*Asks:* 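Attaching a single structure in structure tokens format; questions to follow.
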Amino acid sequence: MLTVYSDAHQAHHAKQELIGGQFQPAFDTPQRAVNIIERVAEVGLGRIVTPEAHGTAPALRVHSSRFIEFLRTAWSEWHAKKGDSDAIPLIWPSRTLRDIEPRDIEGRLGYFCADAGTPITAGTWKMVQAGIDVACTAADALQRGDRAVFAATRPPGHHAGKELFLGYCYVNFAAVAAQRLIDQGNRRVAVLDVDYHHGNGTQEIFYDRSDVLFVSIHADTRDVFPFFLGHADETGTADGEGFNLNLPQALGTGWNSGYAQALQQALERIEAFRPDCLVVSLGVDTYELDPIGQLALRCEDYAEIGKSIRSLALPTCFVMEGGYMVDHVGINAVEVLRGYESA
Ligand code: Q9C
Ligand code: ZN
């Protein structure tokens, strides 16, 4: 399996993260992606290539132009006003306030960002552009005939919506890849999201469409981030009615206590959709030792996930999402890919 990777992600390294009222080291570290690519090399998964430059056009297919422009320019605006500290919003257009884009950078940060855990730093845009390039280069390899390809992106992307960033995600790379596959002539694309967290951004982007099916297995959002989407009754709207499937899991769920069954249900829905290809949002924060996650998958379960996905016999683009147990993120992510290759 081909892997696409750029070390440009290292340009972004958040200083700290506010968690449980305390500043702690950020969870999305450059080391996560380094460990993943080192593991890919160690097991000899296949060739590793650097991405081709694609600019912002592919991101503009799934995000608004004012949003991408904001991401591109926010740091210089913030830096001019506030100096070197990470740009983090502290006020949001919550439910009873108005939907107005402010003029000042502080207001605009809250307008486009939904949480306080997704800072913009000097290197954020460089990292995000590299992620767009990686996702597109991977999608193009699939289109040229590769059976499977791994987009080793950092940061994750599945929380990012048309005009919203949160949850360490800025641009939705899985959505960029899925849309690119549609734009290149595929009639139906399925997105399977196995990250611990619900892929609220991917759901939002494709919610009213019947050409992209979104299926997600995640920790129940009544209990965990991102809270405000991801519930079982969200099935799609307008043309997209019936093309969104959320399979929330109770905290503590493991392979034999519900996860394998949910995966089977997800695969059956994808099969019935008869897609031309598949994008997998590959998060491994479902791991039993993940410091953020509260599901309970073990190392050996990840190969089973890969094997099960392979049974669909679809051209498959894996796009890296979460996984924060840093010394296991490479092992577990690559287990999925090896399981896929072995089946
Ligand atoms: N107390 C992804 O895995 N903050 N994003 C959680 C936990 C947000 C993670 C705080 C975590 C988002 C793609
Ligand atoms: Zn996650």
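Read the numbers this way: they start at 1 and go in the same order the structure lists the ligands and their atoms. The structure presented is a predicted model; accordingly, all values stated were derived computationally and were not measured.
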*Asks:* Before accepting this row, confirm whether a basic side-chain N of the pair R338/E341 lies closer than 4.0 Å to the acidic partner's carboxylate O.
*Replies:*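 No, R338 and E341 are not salt-bridged.
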
*Asks:* Identify which of V224, D195, T118, I19 has a heavy atom lying nearest to atom 1 (N) of ligand 1.
*Replies:* I19

*Asks:* I'd like the name of whichever of Q294, M320, H158 reaches closest to atom 13 (C) of ligand 1 through any heavy atom.
*Replies:*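 Looking at heavy atoms only, H158 sits closest to atom 13 (C) of ligand 1.
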
*Asks:* Just say parallel, tilted or perpendicular for the rings of F67 and F165, cut-offs at 30° and 60°.
*Replies:*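 Because their plane-to-plane angle lies in the 30° to 60° range, the rings of F67 and F165 count as tilted.
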
*Asks:* May I ask you to say whether D301 pairs ionically with R298, meaning some side-chain N is under 4.0 Å from a carboxylate O?
*Replies:*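 Answer for the salt bridge query: yes.
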
*Asks:* Would you say the ring centers of H12 and Y170 fall short of 6.0 Å from each other?
*Replies:* yes

*Asks:* Is it the case that more than 12 heavy atoms not belonging to R222 sit under 6.0 Å from its CZ atom?
*Replies:* no

*Asks:* Which of the numbered atoms in ligand 1 are under 4.0 angstrom from any heavy atom belonging to G322?
*Replies:* 3 (O)

*Asks:* Just verifying a value: how many Å separate T316 OG1 and M1 CE, rounded to the nearest 0.5 Å?
*Replies:*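 CE of M1 is found 8.0 Å from OG1 of T316.
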
*Asks:* Please confirm whether E321 comes under 4.0 Å of ligand 1, counting heavy atoms of the residue only.
*Replies:*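 Checking ligand 1 against E321, which is what was asked, there is no heavy-atom contact under 4.0 Å.
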
*Asks:* To the nearest 10°, what's the angle at the Zn ion (ligand 2) between atoms ND1 (H197) and OD2 (D285)?
*Replies:*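 H197 ND1 and D285 OD2 form an angle of 100° at the Zn ion (ligand 2).
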
*Asks:* Geometry only, no angles: is I292 polar-contacting ligand 1 at N/O separations under 3.5 Å?
*Replies:* no

*Asks:* Between N244 (side chain only) and E234 (backbone N and O only), is there a donor and an acceptor less than 3.5 Å apart?
*Replies:* yes

*Asks:* Ring-plane angle category for F70 and F112, please: parallel below 30°, perpendicular beyond 60°, tilted otherwise.
*Replies:*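 F70 and F112: tilted rings.
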
*Asks:* By number and element, which atoms of ligand 1 are closer than 4.0 Å to a non-hydrogen atom of P156?
*Replies:* 13 (C)

*Asks:* Below 4.0 angstrom, counting only protein heavy atoms, does anything approach atom 9 (C) of ligand 1?
*Replies:*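 Given the 4.0 Å limit, the answer for atom 9 (C) of ligand 1 is yes, a protein heavy atom qualifies.
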
*Asks:* Identify, by name, the N, O or S atom of D195 lying closest to the Zn ion (ligand 2).
*Replies:* OD1

*Asks:* Between D285 and ligand 1, which part of the residue brings a heavy atom under 4.0 Å of the ligand: side chain, backbone, both or neither?
*Replies:* side chain

*Asks:* Does F243 have R269 sitting over its ring (NZ/CZ under 6.0 Å from centre, angle to axis within 45°)?
*Replies:*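 Ring-cation test returns yes.
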
*Asks:* Give the numbers and elements of all ligand 1 atoms closer than 4.0 Å to a heavy atom of F225.
*Replies:*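 By the 4.0 Å cutoff, the relevant atoms are 8 (C), 12 (C).
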
*Asks:* Of all the heavy atoms in Y196, does at least one lie under 4.0 Å from an atom in ligand 1?
*Replies:* no

*Asks:* To check your reading of the model: name the closest protein heavy atom to atom 5 (N) of ligand 1, its residue, and the distance in Å.
*Replies:* G167 O, 3.0 Å

*Asks:* Would you tell me which option among F27, Y324, Y168 has the nearest heavy-atom contact to atom 3 (O) of ligand 1?
*Replies:* Y324

*Asks:* I'd like to check Y302 versus T286 (side-chain heavy atoms, cut-off strictly below 4.5 Å). Are they in contact?
*Replies:* yes

*Asks:* Counting backbone and side chain alike, does H158 bring an N/O/S atom below 2.8 Å of the Zn ion (ligand 2)?
*Replies:* no

